[in-house]
Amino acid sequence: MKRNVALEEAQDLLLRMACPVKECKIPLFDAAGRVLSREIKAPINLPPFDRSPLDGYAVRAEDIAAASEAYPTSLEVIEEVAAGYAARQRVTAKTAIKVMTGAPIPAGADVVIKHEDVTRTGNICKFFYPLKSGSNIVRTGEDVKKGELIAAPGTHVSPAMVGLIAALGFAEVSVYNKVKVAVISTGDELVDCSQPLQPGKIYNSNLPSLVAACLKLGAKITALGNVPDELDSIADIISLGLADADIVITTGGVSAGDYDVVPDALDRLGINVIYRGVNMKPGSPVLAAEYNNKFIVCLSGNPAAALVTFDLIAVPLIKKKMGLTSYLPTRLDAVFEGEFGKPSPQRRFLRGRLQVNEGANSVTLTGEQSNGVLKSLINCNAYIDVPAGSGRMNAGQDVSVLVVDDVFGH
Ligand SMILES: Nc1nc2c(c(=O)[nH]1)N[C@H]1C(S)=C(S)[C@@H](COP(=O)(O)OP(=O)(O)OC[C@H]3O[C@@H](n4cnc5c(N)ncnc54)[C@H](O)[C@@H]3O)O[C@H]1N2
Ligand code: MOO
């Protein structure tokens with residue numbers, strides 16, 4: 001077992017051992033938020049045929065080459081084509097076919113003129129300007145070319161990706177199974193938020209917040225609830241979690257107190273502790289262990305410490321198990337806007353709000369930074385990485401941040 005490792009080593013030790021869970025095939029309608037386990041190549045062009053982007057008239061460019069306001073060109077409309085149908089006839093010299101938006105371009109035509117720009121009497125249509133061959137035609141494969149790689153394994157399925165996969169005619173997709181995460185909180189002082197609060201007790205916030213964080217990632221959760229600071233109960237519930245889950249997350253009871261019995265419970269279960277303690281604040285007591293290819297991540301109980309170490313250590317692990325190929329938080333440079341008076345003898349992660357700008361990114365603090373303060377995580381989308389040995393931080397200073405909420409995507 002290692003002790004007091006750097007964050008990067010703490011991440012790496014787990015990521016090296018973790019491989020994605022098994023794959024399955026699911027209906028495309030259920031695929032949003034999942035991770036593709038197979039590449040997707042386009043079996044068809046998109047659009048599959050040349051189509052009209054307008055309601056208008058498909059004609060031959062050469063037929064309207066001389067058209068002008070003063071001397072319009074008259075063509076005979078020989079057919080009308082709605083979206084979803086193909087013209088039966090060809091556009092030949094001096095003829096036009098009326099087409100609706102989305103309709104295939106009739107053979108022979110090489111340009112579409114929008115209907116507002118023509119006048120029509122019976123079957124005769126007048127055109128008042130010429131257009132270059134190819135104008136107002138959406139070409140076959142403009143969006144996607146047949147054979148093109150659409151997504152590699154490990155791609156997160158966004159709503160837009162669902163649309164693209166549907167447009168290519170796939171009703172099912174291969175994805176990784178949902179990662180199963182069991183969440184446990186420990187502490188005699190904790191009361192479920194549905195219960196009245198007794199003296200000396202506090203409401204359990206870690207269990208709901210960690211369950212919510214795992215759900216947001218797309219994991220399959222088992223909330224095993226809260227157990228008292230008691231060796232047998234903690235050992236029993238961890239072993240219950242390990243029976244089904246890929247990853248067990250616990251909070252509380254990992255520090256140095258008399259009732260911090262989580263490490264003893266792991267010991268009793270014969271679980272291999274990979275490391276105990278990470279050089280960071282908050283969350284330094286975090287512990288990670290492995291058992292039969294499953295992982296146990298024990299976060300300290302302070303609510304902010306629990307969520308920060310969850311984001312920086314548990315999330316990359318869950319993401320790698322989910323099959324994602326990008327799992328570490330993005331690191332960006334930013335200018336610090338604000339002040340933080342405390343020195344940081346230990347490496348510190350401050351809760352901040354990153355604004356991504358054209359020139360320089362800027363980051364502000366989201367509020368109080370104590371280990372138990374949860375409120376400042378509400379608008380936090382990045383952690384300011386303050387190196388060990390840093391003094392007071394002032395506005396305008398350059399900092400490095402780890403992005404923990406996706407500020408780029410949609
Ligand atoms: N003598 C020492 N004492 C402490 C040390 C140390 O090195 N030496 N480390 C401190 C640090 S750092 C932290 S963080 C805490 C964490 O200890 P634990 O992980 O064992 O957590 P607990 O003692 O169980 O709880 C800490 C704190 O958080 C509250 N808590 C716990 N669980 C929840 C929950 N589910 N929802 C809301 N709040 C929770 C708990 O009541 C405590 O106030 O230890 C320091 N002590
Ligand atoms: O882990 Mo503790 O004080 O670093 O919150």
Side-chain angles (χ1 to χ4, degrees), residues 3-7 10 181-195 197-214 221 223-231 233-235 237-238 241 248-267 273 275-289 296-314 340 342-351 367-378 380 383-386 388 390:
R3 277 197 177 262
N4 302 325
V5 296
L7 172 65
V181 183
V183 186
I184 299 163
S185 66
T186 67
D188 289 0
E189 74 280 28
L190 302 173
V191 176
D192 186 84
C193 51
S194 63
Q195 301 301 315
L197 200 58
Q198 307 296 339
K201 307 282 184 191
I202 57 166
Y203 282 125
N204 185 350
S205 65
N206 288 347
L207 186 72
S209 65
L210 291 170
V211 165
C214 291
I221 307 299
L224 288 177
N226 187 62
V227 282
D229 297 307
E230 205 234 345
L231 187 58
S233 314
I234 294 179
I237 203 152
I238 290 176
V248 175
I249 308 257
T250 71
T251 75
V254 279
S255 188
D258 294 347
Y259 301 97
D260 292 333
V261 291
V262 169
D264 297 339
L266 297 175
D267 191 40
V273 175
Y275 56 82
R276 191 167 171 190
V278 175
N279 282 323
M280 63 187 282
K281 199 168 173 58
S284 52
V286 58
L287 175 162
I296 305 103
V297 183
C298 303
L299 311 171
S300 52
N302 272 321
L307 274 181
V308 173
T309 42
F310 176 81
D311 280 344
L312 296 179
I313 295 170
F340 187 70
K342 277 191 186 168
S344 302
Q346 196 177 9
R347 184 179 184 185
R348 194 194 285 277
F349 289 94
L350 295 172
R351 287 145 255 171
E368 267 298 317
Q369 297 290 327
S370 308
N371 302 352
V373 168
L374 196 47
K375 209 165 61 184
S376 54
L377 275 155
I378 299 296
C380 167
Y383 296 125
I384 305 169
D385 186 354
V386 185
S390 301

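A quick note: this is a predicted structure, and the numbers were derived from the prediction, not measured. All ligand and atom numbering here is 1-based and tracks the order in the structure.
- One finds the CD1 atom of I313 at 8.0 Å from the CG atom of L299 (value rounded to the nearest 0.5 Å).
- For the residue pair S300 and N302, no side-chain donor N or O sits within less than 3.5 Å of a side-chain acceptor on the partner.
- Nearest to atom 4 (O) of ligand 2 among the protein's heavy atoms is G283 N, 2.9 Å.
- Looking at every heavy atom in both residues, V191 comes nearest to K201 through CG2-CB, 3.5 Å.
- Panel note: side chain Q346, backbone S344; no donor-acceptor pair is recorded below 3.5 Å.
- The distance from ligand 2 to the heavy atoms of N302 drops below 4.0 Å at these ligand atoms: 5 (O).
- Protein residues having at least one heavy atom under 4.0 Å from any atom of ligand 1 are S185, E189, L190, I202, Y203, N204, S205, N206, T251, G252, G253, V254, S255, A256, D260, S284, P285, S300, G301, N302, P303, listed by chain and number.
- Of all protein heavy atoms, the one closest to atom 3 (O) of ligand 2 is N371 ND2, 1.9 Å.
- Of the possible polar contacts, none joining the D188 side chain to the P228 backbone as a donor-acceptor pair under 3.5 Å is found.
- Taking 4.5 Å as the limit, every side-chain heavy atom of V262 sits out of range of all side-chain heavy atoms of L287.
- For ligand 2, the atoms closer than 4.0 angstrom to any heavy atom of S300 are 1 (O).
- The shortest heavy-atom contact between R351 and E368 is NH1-O, 3.6 Å.
- The only option from V227, D229, I202, T251 that meets the side chain to side chain contact (heavy atoms under 4.5 Å, CB included) definition with L190 turns out to be I202.
- Contact annotation for S284 and ligand 2: heavy atoms of both the backbone and the side chain come within less than 4.0 Å of the ligand.
- Close contacts between ligand 2 and A305 involve ligand atoms 1 (O), 5 (O) [criterion: under 4.0 Å to a heavy atom].
- Separating the CG atom in L307 from the OG atom in S209 is a distance of 4.0 Å, to the nearest 0.5 Å.
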